[in-house]
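Reviewing the structure listed below.
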Protein chains: 2
Amino acid sequence: MDGHSGEKLLYLTDEQLRKGIEAMFFAYRGFTSDPDRILEKYGYGRAHHRALHFVNRSPGTTVNNLLGILGVTKQSLNRVLRTLVEDGLVDSRVGQRDKRERHLHLTPSGVSLERKLADAQQARVRAAYRDAGPEAVAGFRKVLEAMMDAENQKYFHSLKE
Amino acid sequence: MDGHSGEKLLYLTDEQLRKGIEAMFFAYRGFTSDPDRILEKYGYGRAHHRALHFVNRSPGTTVNNLLGILGVTKQSLNRVLRTLVEDGLVDSRVGQRDKRERHLHLTPSGVSLERKLADAQQARVRAAYRDAGPEAVAGFRKVLEAMMDAENQKYFHSLKE
DNA sequence: GATTTTACGTCAGCCTTGTTGACTTTCCAA
DNA sequence: TTGGAAAGTCAACAAGGCTGACGTAAAATC
């Protein structure tokens, strides 16, 4: 292989890069808007959504693992998690093997709200995928993955599918 | 054309959609992390970055137009804009034709900080684009655009290039 | 067995950035 | 000339980040 690993060189102008950056900004707003509307009715915020999502994705995950995935402090996560436990959406069980750990699970109501939020968000993503077509979807995923920090790429790959 | 507009039907599983959603989440974190580090040194936040970015992109834009693009309240924007004007990064000029309007421009120091932030963010995007390749980039942009709200798509298209 | 480290929770306080509501000033346009 | 739009300001509040300090229990290590 040569120095360019056989890849085409990309000559990206400032404007092309700016448009990509702006696309991320506007798209992320759309991406969060549907769940946000639902959460508002429950008195929750995006932080609650993220917690519900990742607890659902990794049932039995520990607080520490969740902290890594979410990239926030334990105080911040704890505030959110506490309300979810109090409201009966999340179950926090003391670990069997290691009793210092808490293993998190969604309760039936937690599953129900998570499902509602996921449906709303998935509807938009599905529509965008349909409009853009399968090749575009593959490219979308490829670029997003390359945009993550190495640590988050690891978390990303550790998730199902 | 038939009912499917000649497009391939996509059978997207729950897991495929979830992975796309998670990719957006992790990628957006990477996307904002480099500018965030710079902003911290200046005592600014993401809101300041957004204001600098869009004032730079549309020099002379009015506060009202910026409100639409950013999707926040005027009180929220005003707080950010005021500090930028006070710190000499943004110039707010009373309109010639309509003196109620304020036209916003970056000062030389504003241009300088915006450039620094853009360089950091663009470096990551450029690297991701290079890793993913040109076809992936096209798909990335296509999906992001389809994910935006209609109103934001209009703003997006109104921007240069 | 004693000590250190880890996991988790909690209290207190701070910051940014979003919100609503009320009010004023300016000034264009009908 | 007057109504309403554009802009700005003040006040108050909330979500959700943050740091720092402290406590407890359990595991790991010396």
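In the text below, chain A, chain B and the rest are named by the order of the sequence lines, each starting its count at 1.
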Using side chain to side chain contact (heavy atoms under 4.5 Å, CB included), reason through A/H103 and A/T62 one step at a time and then give a plain yes or no. CA-CA 5 Å; A/H103 296 276; A/T62 63; 3.8 Å; yes
For [X], ring pair (Phe, Tyr, Trp, His ring centres under 6.0 Å) partners two or more places apart:
X: B/H53; answer: none
X: A/Y28; answer: A/F31, B/Y28
X: B/F25; answer: A/F54

Write out all pairs satisfying salt bridge (Lys or Arg N to Asp or Glu O under 4.0 Å) with one or both partners inside residues 19-34 of chain B, taking only residues at least two apart or from two chains. A/R57-B/E22, B/D34-B/R37, B/D34-B/R124
Could you list all the salt bridge (Lys or Arg N to Asp or Glu O under 4.0 Å) pairs where at least one residue sits in residues 106-122 of chain B, not counting sequence neighbours? A/D14-B/R115, A/R18-B/E114, B/R115-B/D119
Can you confirm whether [X] sits close enough to [Y] that some side-chain heavy atom of one is under 4.5 Å from a side-chain heavy atom of the other?
X: A/N64; Y: A/E101; result: no
X: B/L52; Y: B/V90; result: yes
X: A/F26; Y: B/I69; result: yes
X: B/L159; Y: A/E15; result: no

For atom [atom1] of [X] and atom [atom2] of [N], their distance in whole Å:
X: A/L104; N: C/dA7; atom1: CG; atom2: C1'; answer: 12 Å
X: A/N78; N: D/dT19; atom1: CG; atom2: P; answer: 15 Å
X: A/L52; N: D/dG16; atom1: CG; atom2: P; answer: 12 Å
X: A/L81; N: C/dG9; atom1: CG; atom2: P; answer: 7 Å
X: A/R102; N: C/dT10; atom1: CZ; atom2: C1'; answer: 13 Å

Output a table of donor-acceptor pairs, distance under 3.5 Å, between side-chain atoms of residues 78-87 of chain B and any protein atom two or more places apart or on a different chain; print 'none' if there are none.
residue, atom, partner, partner atom, Å
B/N78, OD1, B/R82, NH1, 3.3
B/T83, OG1, B/H48, NE2, 3.3
B/T83, OG1, B/V80, O, 2.9
B/D87, OD2, B/Y44, OH, 2.4

Is it the case that A/E145 and A/H157 place a side-chain donor and acceptor less than 3.5 Å from each other? yes
Working for side chain to side chain contact (heavy atoms under 4.5 Å, CB included), residues A/V94 and A/R102: CA-CA 5 Å; A/V94 171; A/R102 301 290 183 283; 4.2 Å; yes
Going from [atom1] on [X] to [atom2] on [Y], what distance comes out if it is rounded to the nearest 0.5 angstrom?
X: A/D36; Y: A/E40; atom1: CG; atom2: CD; result: 8.5 Å
X: B/Q122; Y: A/I21; atom1: CD; atom2: CD1; result: 5.0 Å
X: B/H105; Y: B/T61; atom1: NE2; atom2: OG1; result: 9.5 Å

Which parts of [range] get close to DNA chain D, meaning a heavy atom less than 4.0 angstrom away?
range: residues 109-116 of chain A; value: none
range: residues 31-41 of chain A; value: none
range: residues 82-90 of chain A; value: none
range: residues 53-69 of chain B; value: B/T62, B/V63, B/N64

Where do N or O atoms of nucleotides 1-3 of chain D meet protein N or O atoms at under 3.5 Å, pair by pair?
none

Ignoring hydrogens and geometry, is there a side-chain-to-backbone donor-acceptor pair from A/D149 to A/E151 under 3.5 Å? no
Has the side chain of A/S92 got a donor or acceptor atom that lies under 3.5 Å from a matching backbone atom of A/L104? no
With nearest nucleotides of DNA chain D determined for B/S92 and A/R46 from heavy-atom distances, which residue corresponds to the more 5′ nucleotide? B/S92
Base-contact (B) and sugar-phosphate-only (S) positions in nucleotides 19-28 of chain C, heavy-atom cut-off under 4.0 Å, - elsewhere: BBBB---BBS
Under 4.0 Å: is that the gap between some side-chain N or O of A/H48 and OP1 or OP2 of D/dG16? yes
